[in-house]
Amino acid sequence: MCRAASLVTLLQGCNSMRRLRRIHAQVIVSGLLRNPTVSAKLLAFCATSTAGDLSYARLLFSHLPPPLHLDHWNSLIRGSSRGPAPLDSLHLYNAVARSSSVSRPDAVTFSFLLKACERSKAAAKCREAHGSIVRIGFSSSVIVCTNLTRCYAGNGLIGDARKVFDEIPERDLVSWNSMIACYCRAGLHEGALKIYDEMRVLGVGLDEFTTVGLLSSCAHVGALNFGIQVQEFAEKNGFLERNIYVGNALVDMHAKCGSLDGARRVFGRMRRRDVFTWNSMIVGLGVHGHGDESISFFQRMLMAGIRPNSVSFLGLLMGCSHQGLVGEGIKYFQLMHSEFNLQPDLKHYGCMVDMFGRAGELDRALQVIRSSPCSDDPVLWRTLLSACKIHKNVEMGEIAFKNLAHLSAQNAGDCALLAGIYASVGDSQGVARMRKMVKDQGIKTTPGWTWIEVNGEVRKFVVGDTSHPDTKEIYEKLKEMVSRAAPLCSAPVSSKEDAAVEALEELSENGGDCHSEMLAIACGLMKTSEGTSLRIVKNLRVCKDCHSLTKMVSRVYGREIMVRDRVRFHHFKDGSCSCSDYW
DNA sequence: CTAGGGTTAG
């Protein structure tokens, strides 16, 4: 007995498989493999420790003398659930459930079974597990049900997740936080923010986890006011000092909502900073087009002894491409591999193509694509095609388009781009060909939408939206807005070719007269008091017409308007935009 | 410390 106790102590201090093998040998020699406490500890280390070895655990398990205990099974189920073959957990579970010699599965068993279902993306298995949970009587366990919620959500079944959550008899803060995280991961950020209201009504408190989840959703939808409210709560409760996740989420929220000063302020107050903190600044500055500042933060990061990762470089390269810093971009792209041994991925190549392309170096942009390992990705060719539109380069535009067609990836937007290139050089036959192609092939379009936060509420607009209760007023405001701002816009489109292109653009992006962002801006002007800044987020890129119209709206109404589009930020103020029309 | 929750980029 004394021997067993000392082996258990040894196992508790074990930190490597080398040691474990030695202990295992002693266990065998002393005949203590029959002691379930000892064998369970052995197995737990192999199956679940980060220094363990799952195949060794399986081997050990298969040689254990009966009777086996639930602990043994649970260790193996737990280990398998996060190993390379999570479905093994399901087989083990079935064996436990069938076995007459082992006690029934417990809450631990189900927790890891659900982890396995979540990871293996097996929605049907998730439902089966749900059935077993109900049958065996764990549907009132808040821990099991929280896992079940995550399992459904992780399999894209957010509705089922919500149903399980709603039926948990005693929901605790962890389960609320988990629900928020599920909405975030599913991209349902408005839903995540709504949870906060429910929590407030029910008097559920918030902790660091809650604030991080909410801030992440605020960042995604551009809800700065909401985010600042969360920030005040976090500061009052000392979260910011205590918890680096909260600081990181705050920096990111400010940066993503266009409040770079706010981001810098929080950054300056943080006692400890990790790679997430620095990256949030580098990426934030990059997407705003402040490549130079992005670079200086990167250098400070190195001096602070934090090792950059591929996200750091992505931020840097975005900054370089938005600001036209070609030389710097090349330098950091090379540095990424030579100094930090990081492989560029599609996004990094995309930045390089964009950077060269917009700077007019179309040949070098093409060279980047050809020499990249992802030259079969439509995104890169599409980026090149947009650059060709800016520089009116038919020859290169056709090369890009041919590659898209070759990949069967050309969409209506691409056709519109190439048509635009033809139009810009007066080739009306080219325009007609593109038009025909869109019609004949029924090439599909991406629906556009825009978010705006007004009076603490996030509202979403689509093209020609008439779903809002105040639709009529919004359209009246839109009419007024256009009549006041449009006459100030320079270079109205009038030529025949441009009209043809416009027709194509209607097909391709967010439609004709009322792009969703214009509705959002009209709504914002109407619903907020004089002088308030407007912040909107949209899923597509700002089109040229909306860009010039928004500039004039900012002047006529004396409003700052921040637009976050698919790739970057635009700050409109007094008739001009922070991108200096370089985008 | 036996089972559940969080941040950048996708």
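Residue numbers begin at 1 in each chain, while the letters A, B, ... track the order of the sequences.
Taking only side-chain atoms of Val212(A), from C-beta outward, the nucleotide of dA3(B), dT7(B), dG4(B) with the closest atom is dT7(B). Among dG4(B), dG6(B), dT8(B), the nucleotide with an atom closest to any side-chain atom of Asp252(A) is dT8(B). Of all nucleotides listed (dT8(B), dG4(B), dA3(B)), dT8(B) comes nearest to the side chain of Ser280(A). The Ala181(A) side chain lies nearest to dG6(B) when the options are dG6(B), dT8(B), dA3(B). Each of dG4(B), dG6(B), dA9(B) was ranked by its minimum atom distance to the side chain of Glu208(A); first place goes to dG6(B).
A donor-acceptor contact under 3.5 Å links the side chain of Asn243(A) to the base of dG6(B). Remark: the Asn248(A) side chain and the dG6(B) base include no donor-acceptor N/O pair separated by less than 3.5 Å.
Atom-to-atom, NE2 of His254(A) to P of dT8(B) comes out at 15 Å; the value is rounded to the nearest Å. Rounded to whole Å, atom P of dA3(B) lies 15 Å from atom CZ of Phe138(A). If you take CD1 of Ile168(A) and P of dG4(B), they are 15 Å apart, rounded to a whole angstrom. Distance CG (Asn279(A)) to P (dT7(B)): 15 Å, rounded to an integer number of Å. When the P atom of dA3(B) is taken as reference, atom CZ of Arg150(A) falls 16 Å away, rounded to whole Å. Atom CD of Gln12(A) is separated from atom P of dT2(B) by 12 Å (rounded to the nearest Å). Computed from coordinates, the Leu314(A) CG to dG10(B) P distance equals 6 Å when rounded to whole Å. The CG atom of Leu114(A) sits 10 Å away from the C1' atom of dG4(B) (whole-angstrom rounding).
Within the 4.0 angstrom heavy-atom criterion, no nucleotide atom of any strand lies near Asn74(A). When heavy atoms are screened at a 4.0 angstrom cut-off, His220(A) is found touching the sugar-phosphate backbone but no base atom. Counting non-hydrogen atoms under 4.0 angstrom, Phe110(A) reaches nothing in the nucleic acid. Residue-level contact check: Val251(A) touches neither bases nor backbone, having no heavy atom under 4.0 Å from any strand. Within 4.0 Å of Leu173(A), counting heavy atoms only, lies at least one base atom of the nucleic acid. Asp207(A) comes within 4.0 angstrom of a base, heavy atoms only. Within 4.0 Å (heavy atoms only), Ala249(A) reaches no atom of the nucleic acid at all. No contact: Ser141(A) has no heavy atom under 4.0 Å from any strand.
Ion pair Glu208(A)/Arg242(A) flagged as a salt bridge, since at least one NZ, NE, NH1 or NH2 atom sits closer than 4.0 Å to an Asp/Glu carboxylate oxygen.
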Discussion item. Using ring-ring contact (aromatic ring centres under 6.0 Å, His included), reason through Trp73(A) and Tyr93(A) one step at a time and then give a plain yes or no.
Written reply: CA-CA 8 Å; Trp73(A) 290 95; Tyr93(A) 166 79; over 10 Å; no

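Listed pair Lys347(A) / dA9(B) fails the phosphate criterion, with no side-chain N or O lying under 4.0 Å from OP1 or OP2. Put simply, Arg185(A) has no side-chain N or O that comes within less than 4.0 Å of OP1 or OP2 on dT7(B). Applying the 4.0 Å criterion to OP1 and OP2 of dA9(B), one finds that Lys256(A) has a side-chain N or O inside that range. Residue Ser216(A) has a polar side-chain atom (N or O) positioned under 4.0 Å from OP1 or OP2 of dT8(B). Dashed line: the shortest gap from a side-chain N or O of Arg78(A) to OP1 or OP2 of dA3(B) is under 4.0 Å.
In this structure, Arg162(A) forms no cation-pi arrangement with Phe165(A), as its terminal cationic atom is not both closer than 6.0 Å to the ring centre and no more than 45° off the ring axis. At least one test fails for Arg307(A) against the ring of Phe340(A): distance under 6.0 Å to the centre or angle within 45° of the axis.
Aromatic stacking of Phe276(A) on dT8(B): not satisfied for centres closer than 5.5 Å together with planes under 30 degrees.
Between His130(A) and Tyr152(A), the ring planes are perpendicular. Angles over 60° get that label, and only those under 30° would be called parallel.
For Asn237(A) and Asp207(A), the side-chain atoms include no donor-acceptor pair closer than 3.5 Å.
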Show me, pair by pair, the donor-acceptor contacts under 3.5 angstrom made by side chains of residues 224-232 of chain A, not counting sequence neighbours?
from, atom 1, to, atom 2, distance (Å)
Gln231(A), OE1, His254(A), NE2, 2.8
Gln231(A), NE2, Glu235(A), OE2, 3.0

